[in-house]
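Single-structure report; data block below.
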Number of protein chains: 2
Amino acid sequence: MGAGETRAQIVDVADWLFYERGFEATSFADIARDVGLSRGNFYYHFKTKDEILGAVIALRKAKTKAMLAAWEERAASPAESIRSFVHILLMNRAKIMAHGCPVGTLCAELAKLDHAARVEANGLLDVFRAWLRRQFERLGRESDADTLALHLLMRSQGVATLATAFRDEAFIRREVADMEAWLAAQIPASSTLEAHRPD
Amino acid sequence: MGAGETRAQIVDVADWLFYERGFEATSFADIARDVGLSRGNFYYHFKTKDEILGAVIALRKAKTKAMLAAWEERAASPAESIRSFVHILLMNRAKIMAHGCPVGTLCAELAKLDHAARVEANGLLDVFRAWLRRQFERLGRESDADTLALHLLMRSQGVATLATAFRDEAFIRREVADMEAWLAAQIPASSTLEAHRPD
DNA sequence: GTCTATAGACGGATAGAC
DNA sequence: GTCTATCCGTCTATAGAC
(Lines give C-alpha, C1' and ligand atoms only; values in the text may rest on other atoms or scores of the structure.)
Protein backbone atom coordinates (compact mmCIF):
# COMPACT_ATOMS: atom_id res chain seq x y z
CA MET A 1 0.00 0.00 0.00
CA GLY A 2 1.29 3.42 -0.92
CA ALA A 3 2.24 5.91 1.72
CA GLY A 4 -0.40 8.32 0.50
CA GLU A 5 -3.16 5.79 1.00
CA THR A 6 -1.99 4.91 4.50
CA ARG A 7 -1.76 8.57 5.38
CA ALA A 8 -5.27 9.19 4.11
CA GLN A 9 -6.51 6.22 6.09
CA ILE A 10 -4.90 7.55 9.26
CA VAL A 11 -6.53 10.94 8.77
CA ASP A 12 -9.89 9.30 8.15
CA VAL A 13 -9.70 7.27 11.33
CA ALA A 14 -8.43 10.22 13.34
CA ASP A 15 -11.23 12.36 11.94
CA TRP A 16 -13.79 9.94 13.26
CA LEU A 17 -12.15 9.35 16.63
CA PHE A 18 -11.63 13.06 17.25
CA TYR A 19 -15.33 13.48 16.61
CA GLU A 20 -16.49 10.49 18.60
CA ARG A 21 -14.31 10.84 21.71
CA GLY A 22 -12.68 14.22 21.33
CA PHE A 23 -9.14 15.24 20.44
CA GLU A 24 -7.53 14.95 23.85
CA ALA A 25 -9.18 11.66 24.72
CA THR A 26 -7.89 10.06 21.52
CA SER A 27 -4.39 8.62 21.78
CA PHE A 28 -1.88 7.69 19.08
CA ALA A 29 -2.37 4.10 20.07
CA ASP A 30 -6.13 4.38 19.47
CA ILE A 31 -5.65 5.64 15.95
CA ALA A 32 -2.89 3.15 15.15
CA ARG A 33 -4.99 0.27 16.40
CA ASP A 34 -8.02 1.25 14.35
CA VAL A 35 -5.93 1.70 11.22
CA GLY A 36 -4.16 -1.60 11.87
CA LEU A 37 -0.71 -0.12 12.19
CA SER A 38 2.00 -0.43 14.75
CA ARG A 39 2.83 2.71 16.66
CA GLY A 40 6.31 2.69 15.24
CA ASN A 41 5.06 2.77 11.71
CA PHE A 42 2.69 5.46 12.69
CA TYR A 43 5.45 7.93 13.34
CA TYR A 44 6.69 7.41 9.85
CA HIS A 45 3.61 9.25 8.61
CA PHE A 46 2.95 11.74 11.39
CA LYS A 47 5.46 13.09 13.85
CA THR A 48 3.10 14.70 16.32
CA LYS A 49 -0.52 14.56 17.31
CA ASP A 50 -0.91 18.19 16.37
CA GLU A 51 0.20 17.32 12.85
CA ILE A 52 -2.68 14.85 12.59
CA LEU A 53 -5.05 17.42 13.97
CA GLY A 54 -3.95 19.84 11.27
CA ALA A 55 -4.54 17.21 8.59
CA VAL A 56 -7.96 16.36 10.04
CA ILE A 57 -9.03 20.00 10.07
CA ALA A 58 -7.78 20.43 6.50
CA LEU A 59 -9.72 17.36 5.43
CA ARG A 60 -12.88 18.58 7.11
CA LYS A 61 -12.46 21.98 5.52
CA ALA A 62 -12.11 20.47 2.06
CA LYS A 63 -15.09 18.17 2.55
CA THR A 64 -17.21 21.02 3.89
CA LYS A 65 -16.38 23.29 0.98
CA ALA A 66 -17.25 20.53 -1.50
CA MET A 67 -20.54 19.84 0.27
CA LEU A 68 -21.52 23.51 0.37
CA ALA A 69 -20.62 24.00 -3.29
CA ALA A 70 -22.75 21.00 -4.22
CA TRP A 71 -25.70 22.35 -2.25
CA GLU A 72 -25.40 25.74 -3.86
CA GLU A 73 -25.24 24.20 -7.31
CA ARG A 74 -28.17 21.89 -6.78
CA ALA A 75 -30.47 24.44 -5.16
CA ALA A 76 -32.94 26.36 -7.27
CA SER A 77 -32.63 29.41 -5.02
CA PRO A 78 -30.41 30.78 -2.26
CA ALA A 79 -33.23 30.12 0.19
CA GLU A 80 -33.17 26.49 -0.80
CA SER A 81 -29.39 26.44 -0.32
CA ILE A 82 -29.83 27.71 3.19
CA ARG A 83 -32.53 25.15 3.81
CA SER A 84 -30.03 22.44 2.91
CA PHE A 85 -27.81 23.77 5.66
CA VAL A 86 -30.61 23.70 8.20
CA HIS A 87 -31.42 20.14 7.25
CA ILE A 88 -28.01 18.79 8.27
CA LEU A 89 -29.47 18.75 11.74
CA LEU A 90 -32.03 16.22 10.59
CA MET A 91 -29.78 14.22 8.29
CA ASN A 92 -27.10 13.81 10.93
CA ARG A 93 -29.38 13.72 13.94
CA ALA A 94 -28.23 10.31 15.14
CA LYS A 95 -24.57 11.31 15.16
CA ILE A 96 -25.35 14.72 16.60
CA MET A 97 -27.36 13.23 19.47
CA ALA A 98 -24.42 10.94 20.20
CA HIS A 99 -21.44 13.25 19.74
CA GLY A 100 -22.63 16.76 18.99
CA CYS A 101 -21.65 18.93 16.06
CA PRO A 102 -18.19 17.95 14.76
CA VAL A 103 -17.26 21.58 14.20
CA GLY A 104 -18.70 23.12 17.34
CA THR A 105 -17.38 20.51 19.74
CA LEU A 106 -13.89 20.65 18.23
CA CYS A 107 -13.78 24.44 18.47
CA ALA A 108 -15.01 24.31 22.06
CA GLU A 109 -12.43 21.71 23.05
CA LEU A 110 -9.50 23.47 21.42
CA ALA A 111 -10.58 26.77 22.97
CA LYS A 112 -10.46 25.19 26.42
CA LEU A 113 -7.10 23.60 25.76
CA ASP A 114 -5.91 26.94 24.39
CA HIS A 115 -4.51 24.88 21.53
CA ALA A 116 -2.59 26.46 18.66
CA ALA A 117 -4.91 24.80 16.13
CA ARG A 118 -7.80 26.70 17.67
CA VAL A 119 -7.54 29.27 14.90
CA GLU A 120 -7.61 26.60 12.20
CA ALA A 121 -10.66 24.95 13.72
CA ASN A 122 -12.45 28.28 13.87
CA GLY A 123 -11.65 28.56 10.19
CA LEU A 124 -14.05 25.67 9.71
CA LEU A 125 -16.82 27.71 11.24
CA ASP A 126 -15.76 30.56 8.98
CA VAL A 127 -16.34 28.38 5.94
CA PHE A 128 -19.97 27.95 6.96
CA ARG A 129 -20.27 31.58 7.94
CA ALA A 130 -18.92 32.88 4.62
CA TRP A 131 -21.09 30.48 2.62
CA LEU A 132 -24.23 31.41 4.54
CA ARG A 133 -23.40 35.08 4.20
CA ARG A 134 -23.12 34.61 0.46
CA GLN A 135 -26.50 32.91 0.31
CA PHE A 136 -28.14 35.74 2.23
CA GLU A 137 -26.49 38.25 -0.07
CA ARG A 138 -27.92 36.45 -3.07
CA LEU A 139 -31.24 36.53 -1.28
CA GLY A 140 -31.11 40.31 -1.33
CA ARG A 141 -29.96 40.87 2.24
CA GLU A 142 -26.61 42.46 1.38
CA SER A 143 -26.70 44.87 4.31
CA ASP A 144 -27.04 42.31 7.10
CA ALA A 145 -26.02 39.06 5.44
CA ASP A 146 -23.26 38.36 7.95
CA THR A 147 -25.54 38.98 10.90
CA LEU A 148 -28.10 36.56 9.50
CA ALA A 149 -25.39 34.02 8.77
CA LEU A 150 -24.12 34.17 12.35
CA HIS A 151 -27.65 33.91 13.68
CA LEU A 152 -28.33 30.72 11.75
CA LEU A 153 -24.95 29.26 12.71
CA MET A 154 -25.75 30.11 16.32
CA ARG A 155 -29.04 28.28 16.14
CA SER A 156 -27.57 25.16 14.59
CA GLN A 157 -24.91 25.08 17.31
CA GLY A 158 -27.48 25.54 20.03
CA VAL A 159 -29.71 22.81 18.66
CA ALA A 160 -26.75 20.45 18.38
CA THR A 161 -25.70 21.06 21.98
CA LEU A 162 -29.16 20.46 23.42
CA ALA A 163 -29.78 17.53 21.09
CA THR A 164 -26.68 15.84 22.51
CA ALA A 165 -27.77 16.45 26.09
CA PHE A 166 -31.44 15.59 25.82
CA ARG A 167 -31.36 13.17 22.85
CA ASP A 168 -34.77 14.46 21.89
CA GLU A 169 -35.54 14.02 18.22
CA ALA A 170 -38.85 15.88 18.46
CA PHE A 171 -36.92 18.88 19.76
CA ILE A 172 -34.66 18.83 16.72
CA ARG A 173 -37.59 18.62 14.30
CA ARG A 174 -39.36 21.46 16.07
CA GLU A 175 -36.35 23.73 15.98
CA VAL A 176 -35.62 22.90 12.34
CA ALA A 177 -39.18 23.87 11.47
CA ASP A 178 -38.74 27.06 13.46
CA MET A 179 -35.53 27.86 11.57
CA GLU A 180 -37.32 27.33 8.27
CA ALA A 181 -40.11 29.67 9.34
CA TRP A 182 -37.52 32.22 10.39
CA LEU A 183 -35.76 31.83 7.06
CA ALA A 184 -38.99 32.37 5.10
CA ALA A 185 -39.52 35.58 7.02
CA GLN A 186 -36.07 36.81 5.97
CA ILE A 187 -36.78 36.74 2.26
CA PRO A 188 -37.38 40.27 1.01
CA ALA A 189 -40.66 40.71 -0.85
CA SER A 190 -38.81 42.09 -3.86
CA SER A 191 -36.71 38.96 -4.27
CA THR A 192 -39.47 36.36 -4.37
CA LEU A 193 -39.16 36.19 -8.14
CA GLU A 194 -35.39 36.24 -8.02
CA ALA A 195 -35.48 32.72 -6.70
CA HIS A 196 -36.20 31.45 -10.19
CA ARG A 197 -33.87 33.78 -11.97
CA PRO A 198 -30.39 32.44 -12.72
CA ASP A 199 -27.39 34.47 -11.48
CA MET B 1 -8.52 23.88 59.09
CA GLY B 2 -11.41 21.41 59.25
CA ALA B 3 -11.86 18.58 56.82
CA GLY B 4 -15.08 20.12 55.56
CA GLU B 5 -13.34 23.34 54.64
CA THR B 6 -10.58 21.55 52.80
CA ARG B 7 -13.08 19.47 50.95
CA ALA B 8 -15.03 22.55 49.93
CA GLN B 9 -11.81 24.17 48.78
CA ILE B 10 -10.96 21.17 46.64
CA VAL B 11 -14.38 21.25 45.02
CA ASP B 12 -14.10 24.99 44.39
CA VAL B 13 -10.73 24.63 42.68
CA ALA B 14 -11.89 21.61 40.68
CA ASP B 15 -15.01 23.50 39.66
CA TRP B 16 -12.91 26.26 38.17
CA LEU B 17 -10.33 24.00 36.52
CA PHE B 18 -12.98 21.75 34.99
CA TYR B 19 -14.50 24.86 33.51
CA GLU B 20 -11.28 26.48 32.38
CA ARG B 21 -9.52 23.46 30.87
CA GLY B 22 -12.11 20.74 30.81
CA PHE B 23 -12.59 17.66 32.96
CA GLU B 24 -10.24 15.29 31.17
CA ALA B 25 -7.46 17.82 30.75
CA THR B 26 -7.45 18.53 34.49
CA SER B 27 -5.30 16.15 36.51
CA PHE B 28 -5.35 15.26 40.14
CA ALA B 29 -2.01 16.98 40.50
CA ASP B 30 -3.40 20.19 39.02
CA ILE B 31 -6.13 20.36 41.62
CA ALA B 32 -3.83 19.40 44.50
CA ARG B 33 -1.29 22.02 43.47
CA ASP B 34 -3.86 24.81 43.28
CA VAL B 35 -5.33 23.86 46.65
CA GLY B 36 -1.86 23.60 48.14
CA LEU B 37 -2.20 19.97 49.13
CA SER B 38 0.03 16.95 48.81
CA ARG B 39 -1.43 14.15 46.77
CA GLY B 40 -1.37 11.88 49.78
CA ASN B 41 -3.52 14.27 51.73
CA PHE B 42 -5.73 14.57 48.76
CA TYR B 43 -6.90 10.99 48.85
CA TYR B 44 -8.13 11.50 52.35
CA HIS B 45 -10.91 13.65 50.92
CA PHE B 46 -11.58 12.13 47.50
CA LYS B 47 -10.83 8.64 46.32
CA THR B 48 -11.41 9.03 42.62
CA LYS B 49 -11.59 11.78 40.04
CA ASP B 50 -15.19 10.85 39.31
CA GLU B 51 -16.03 11.49 42.93
CA ILE B 52 -14.73 15.04 42.58
CA LEU B 53 -16.73 15.45 39.40
CA GLY B 54 -19.87 14.40 41.22
CA ALA B 55 -19.20 16.93 43.97
CA VAL B 56 -18.53 19.67 41.42
CA ILE B 57 -21.79 18.99 39.62
CA ALA B 58 -23.68 18.96 42.91
CA LEU B 59 -22.10 22.27 43.85
CA ARG B 60 -23.01 23.82 40.52
CA LYS B 61 -26.55 22.55 40.81
CA ALA B 62 -26.95 24.08 44.27
CA LYS B 63 -25.47 27.39 43.17
CA THR B 64 -27.65 27.47 40.08
CA LYS B 65 -30.82 26.78 42.01
CA ALA B 66 -29.98 29.53 44.48
CA MET B 67 -29.24 31.96 41.67
CA LEU B 68 -32.47 31.19 39.83
CA ALA B 69 -34.52 31.47 43.02
CA ALA B 70 -32.99 34.87 43.72
CA TRP B 71 -33.78 36.06 40.22
CA GLU B 72 -37.34 34.90 40.47
CA GLU B 73 -37.76 36.59 43.82
CA ARG B 74 -36.24 39.86 42.70
CA ALA B 75 -38.06 40.13 39.40
CA ALA B 76 -41.30 42.09 39.16
CA SER B 77 -42.62 39.74 36.48
CA PRO B 78 -41.87 36.36 34.93
CA ALA B 79 -40.71 38.17 31.80
CA GLU B 80 -38.17 40.02 33.88
CA SER B 81 -37.03 36.72 35.41
CA ILE B 82 -36.42 35.34 31.95
CA ARG B 83 -34.60 38.50 30.99
CA SER B 84 -32.23 37.88 33.90
CA PHE B 85 -31.44 34.52 32.38
CA VAL B 86 -30.76 36.04 28.97
CA HIS B 87 -28.44 38.56 30.55
CA ILE B 88 -26.04 35.96 31.92
CA LEU B 89 -24.59 36.01 28.43
CA LEU B 90 -23.64 39.65 28.93
CA MET B 91 -22.62 39.42 32.57
CA ASN B 92 -20.34 36.47 31.97
CA ARG B 93 -19.26 37.39 28.46
CA ALA B 94 -15.55 37.50 29.25
CA LYS B 95 -15.54 34.01 30.74
CA ILE B 96 -17.83 32.68 28.02
CA MET B 97 -15.60 34.01 25.25
CA ALA B 98 -12.66 32.33 26.95
CA HIS B 99 -14.13 28.98 28.02
CA GLY B 100 -17.71 28.72 26.79
CA CYS B 101 -20.76 27.95 28.87
CA PRO B 102 -19.83 25.94 31.99
CA VAL B 103 -22.91 23.77 31.65
CA GLY B 104 -22.95 23.23 27.90
CA THR B 105 -19.25 22.45 27.57
CA LEU B 106 -19.33 20.00 30.47
CA CYS B 107 -22.34 18.17 29.03
CA ALA B 108 -20.68 18.03 25.62
CA GLU B 109 -17.43 16.68 27.03
CA LEU B 110 -19.06 14.04 29.20
CA ALA B 111 -21.26 12.96 26.29
CA LYS B 112 -18.18 12.38 24.16
CA LEU B 113 -16.42 10.49 26.91
CA ASP B 114 -19.61 8.53 27.48
CA HIS B 115 -19.01 9.23 31.13
CA ALA B 116 -21.33 7.90 33.82
CA ALA B 117 -21.76 11.41 35.24
CA ARG B 118 -23.24 12.49 31.91
CA VAL B 119 -26.72 12.10 33.36
CA GLU B 120 -25.88 14.22 36.38
CA ALA B 121 -24.44 16.97 34.20
CA ASN B 122 -27.55 16.97 32.04
CA GLY B 123 -29.47 17.43 35.26
CA LEU B 124 -27.84 20.85 35.44
CA LEU B 125 -29.42 21.74 32.13
CA ASP B 126 -32.69 20.39 33.47
CA VAL B 127 -32.55 22.86 36.34
CA PHE B 128 -32.49 25.72 33.86
CA ARG B 129 -35.10 24.07 31.69
CA ALA B 130 -37.55 23.52 34.56
CA TRP B 131 -37.03 27.04 35.87
CA LEU B 132 -37.57 28.61 32.45
CA ARG B 133 -40.60 26.43 31.86
CA ARG B 134 -42.05 27.68 35.14
CA GLN B 135 -41.47 31.30 34.13
CA PHE B 136 -43.23 30.79 30.82
CA GLU B 137 -46.10 29.12 32.61
CA ARG B 138 -46.43 32.10 34.91
CA LEU B 139 -46.34 34.22 31.78
CA GLY B 140 -49.49 32.49 30.59
CA ARG B 141 -47.92 30.09 28.13
CA GLU B 142 -48.88 26.91 29.96
CA SER B 143 -49.46 24.93 26.78
CA ASP B 144 -45.99 25.37 25.26
CA ALA B 145 -43.90 26.50 28.20
CA ASP B 146 -41.41 23.64 27.84
CA THR B 147 -40.96 24.26 24.13
CA LEU B 148 -40.23 27.91 24.80
CA ALA B 149 -37.86 27.01 27.62
CA LEU B 150 -35.90 24.68 25.36
CA HIS B 151 -35.82 27.27 22.62
CA LEU B 152 -34.29 29.88 24.90
CA LEU B 153 -31.83 27.38 26.34
CA MET B 154 -30.90 26.42 22.79
CA ARG B 155 -30.21 30.02 21.89
CA SER B 156 -28.07 30.68 24.92
CA GLN B 157 -26.00 27.57 24.14
CA GLY B 158 -25.60 28.59 20.52
CA VAL B 159 -24.54 32.10 21.43
CA ALA B 160 -22.03 30.76 23.95
CA THR B 161 -20.49 28.39 21.40
CA LEU B 162 -20.06 31.05 18.73
CA ALA B 163 -18.92 33.63 21.27
CA THR B 164 -16.10 31.30 22.29
CA ALA B 165 -15.05 30.72 18.69
CA PHE B 166 -15.31 34.25 17.35
CA ARG B 167 -14.79 36.24 20.57
CA ASP B 168 -17.11 38.86 19.19
CA GLU B 169 -18.75 40.94 21.87
CA ALA B 170 -20.95 42.80 19.37
CA PHE B 171 -22.36 39.46 18.27
CA ILE B 172 -23.32 38.62 21.84
CA ARG B 173 -25.03 41.98 22.35
CA ARG B 174 -26.91 41.63 19.08
CA GLU B 175 -28.17 38.16 19.91
CA VAL B 176 -29.15 39.15 23.44
CA ALA B 177 -31.19 42.00 22.02
CA ASP B 178 -32.75 39.57 19.56
CA MET B 179 -33.64 37.20 22.37
CA GLU B 180 -35.26 40.04 24.29
CA ALA B 181 -37.32 40.97 21.25
CA TRP B 182 -38.31 37.35 20.83
CA LEU B 183 -39.28 37.20 24.51
CA ALA B 184 -41.44 40.32 24.25
CA ALA B 185 -43.28 38.71 21.34
CA GLN B 186 -44.04 35.65 23.47
CA ILE B 187 -46.01 37.54 26.11
CA PRO B 188 -49.72 36.94 25.58
CA ALA B 189 -51.77 40.11 25.21
CA SER B 190 -53.99 39.04 28.10
CA SER B 191 -51.08 38.89 30.50
CA THR B 192 -49.55 42.32 29.93
CA LEU B 193 -51.14 43.55 33.13
CA GLU B 194 -50.27 40.43 34.97
CA ALA B 195 -46.67 41.59 34.96
CA HIS B 196 -47.40 44.02 37.76
CA ARG B 197 -49.73 41.77 39.66
CA PRO B 198 -48.20 39.76 42.51
CA ASP B 199 -48.68 36.01 42.48
C1' DG C 1 22.26 -1.42 -2.39
C1' DT C 2 19.14 2.02 -1.59
C1' DC C 3 14.58 3.57 -0.71
C1' DT C 4 10.10 2.86 1.40
C1' DA C 5 6.90 1.19 4.55
C1' DT C 6 6.58 -1.42 8.37
C1' DA C 7 7.35 -3.29 13.19
C1' DG C 8 8.53 -3.25 17.85
C1' DA C 9 11.50 -2.12 21.76
C1' DC C 10 12.73 1.67 24.73
C1' DG C 11 12.59 6.34 27.13
C1' DG C 12 10.96 9.87 30.21
C1' DA C 13 6.90 11.86 31.88
C1' DT C 14 2.67 11.73 33.97
C1' DA C 15 -1.78 9.82 34.67
C1' DG C 16 -5.01 7.84 38.39
C1' DA C 17 -5.31 4.93 42.39
C1' DC C 18 -3.78 3.06 46.90
C1' DG D 1 5.44 7.87 48.80
C1' DT D 2 4.68 4.05 45.63
C1' DC D 3 2.49 1.37 42.23
C1' DT D 4 0.95 0.32 37.66
C1' DA D 5 -0.73 1.85 33.31
C1' DT D 6 -0.47 4.69 29.58
C1' DC D 7 0.82 8.66 27.47
C1' DC D 8 3.91 10.74 23.54
C1' DG D 9 7.96 10.35 21.05
C1' DT D 10 12.58 8.26 19.50
C1' DC D 11 15.18 4.62 18.49
C1' DT D 12 16.86 0.62 15.65
C1' DA D 13 15.68 -3.42 12.82
C1' DT D 14 13.56 -5.64 8.89
C1' DA D 15 10.94 -6.80 4.76
C1' DG D 16 10.33 -6.21 0.03
C1' DA D 17 10.58 -3.18 -4.39
C1' DC D 18 13.27 -1.25 -7.70
Side-chain angles (χ1 to χ4, degrees), chain A residues 1-59 105-106 109-110 112-118 120-121, chain B residues 3 6-7 9-59 105-106 109-118 120-121:
Chain A
M1 178 160 47
E5 268 176 73
T6 306
R7 197 193 137 95
Q9 214 182 335
I10 290 174
V11 178
D12 266 348
V13 167
D15 183 21
W16 170 249
L17 288 176
F18 288 174
Y19 174 43
E20 189 190 19
R21 313 182 189 177
F23 170 69
E24 251 239 323
T26 302
S27 73
F28 268 32
D30 291 331
I31 303 170
R33 183 181 13 81
D34 278 21
V35 178
L37 281 180
S38 69
R39 274 181 25 77
N41 188 9
F42 195 93
Y43 278 90
Y44 175 79
H45 299 278
F46 287 98
K47 300 306 171 196
T48 70
K49 201 177 168 186
D50 291 355
E51 213 176 298
I52 305 176
L53 178 60
V56 166
I57 293 175
L59 172 72
T105 54
L106 182 65
E109 184 180 1
L110 296 184
K112 266 198 209 290
L113 297 175
D114 207 19
H115 195 285
R118 208 184 91 87
E120 283 303 309
Chain B
T6 305
R7 195 193 139 95
Q9 212 181 339
I10 290 173
V11 178
D12 266 350
V13 166
D15 183 21
W16 171 249
L17 288 176
F18 288 174
Y19 174 44
E20 188 188 21
R21 313 183 190 175
F23 170 68
E24 251 239 322
T26 301
S27 73
F28 253 107
D30 290 333
I31 303 170
R33 183 180 12 84
D34 279 21
V35 178
L37 235 48
S38 72
R39 273 193 349 291
N41 222 329
F42 199 92
Y43 279 91
Y44 173 76
H45 300 279
F46 288 99
K47 301 305 172 197
T48 70
K49 201 178 170 185
D50 292 353
E51 214 175 298
I52 304 177
L53 178 60
V56 166
I57 294 174
L59 172 72
T105 54
L106 182 65
E109 184 180 1
L110 296 183
K112 265 195 208 291
L113 296 175
D114 206 19
H115 196 285
R118 207 185 92 87
E120 282 305 308

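Each chain gets a letter, A, B and so on, in the order the sequences are listed, and its residues count up from 1.
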ask   = With a 4.0 Å cut-off on heavy atoms, is Phe28(A) in touch with a base, just the backbone sugar-phosphate, or nothing at all?
value = sugar-phosphate

Student check: side-chain heavy atoms of Thr26(B) and Glu20(B) closer than 4.5 Å = no

request  = Could you pick out which residue, Gly40(A) or Tyr44(A), lies toward the 5' side of DNA chain C when each is mapped onto its nearest nucleotide?
outcome  = Tyr44(A)

ask   = What is the minimum heavy-atom distance between Arg7(B) and Ala55(B), and which atoms define it?
value = NH2-CB, 3.9 Å

ask   = When the distance from CD of Glu51(B) to P of dG16(C) is rounded to whole Å, what number comes out?
value = 14 Å

message = With a 6.0 Å cut-off on the ring centroids, do Phe46(B) and Phe28(B) count as close?
response = no

request  = Measure the CZ-CD1 distance between Phe42(A) and Ile31(A) for me, rounded to the nearest 0.5 Å.
outcome  = 4.5 Å

ask   = How far does CD1 of Ile52(A) sit from CD1 of Ile57(A), to the nearest 0.5 angstrom?
value = 12.0 Å

Length of the line joining Phe23(A):CZ and dC8(D):P, which is rounded to integer Å = 9 Å

query = Dot-bracket for DNA chain C, 5' to 3', with Watson-Crick and G-U pairs under 3.5 Å, [ ] for crossing pairs and | for other-strand pairs: what is it?
reply = ||||||||||.|||||||

message = What is the distance, to the nearest angstrom, from the CZ atom on Arg33(A) to the C1' atom on dC8(D)?
response = 16 Å

ask   = Taking for each residue the nucleotide of DNA chain D with the nearest heavy atom, is it Tyr43(B) or Tyr43(A) whose nucleotide lies nearer the 5' end?
value = Tyr43(B)

query = What integer distance in Å separates Lys49(B):NZ from dC18(C):C1'?
reply = 17 Å

remark   = Separation of dT10(D) atom C1' from Phe42(A) atom CZ, nearest Å, is 15 Å

ask   = Rounded to the nearest Å, what distance is computed from the CG atom of residue Leu37(A) to the P atom of nucleotide dT4(C)?
value = 18 Å

request  = Could you tell me whether the phosphate oxygens of dC7(D), OP1 or OP2, come under 4.0 Å of any side-chain nitrogen or oxygen in Ser27(A)?
outcome  = yes

remark   = The side chain to side chain contact (heavy atoms under 4.5 Å, CB included) partner of Phe23(A) among Leu110(A), Thr105(A), Leu17(A) is Leu110(A)

query = Pick one: which of Arg39(A), Arg21(A), Lys49(A) meets salt bridge (Lys or Arg N to Asp or Glu O under 4.0 Å) with Asp30(A)?
reply = Arg21(A)

key: Phosphate contact (dA5(C) OP1 or OP2) by Asn41(A) side-chain N/O below 4.0 Å   = no

task = May I have the distance from Arg39(A) (atom CZ) to dC11(D) (atom P), rounded to whole angstrom?
result = 14 Å

ask   = For dG9(D), does either OP1 or OP2 sit under 4.0 Å from a side-chain N or O belonging to Thr48(A)?
value = no

key: Asp30(B) CG - dG16(C) C1' separation (whole Å)   = 12 Å

ask   = Is His45(A) near enough to dT4(C) that one of its side-chain N or O atoms lies under 4.0 angstrom from OP1 or OP2?
value = no

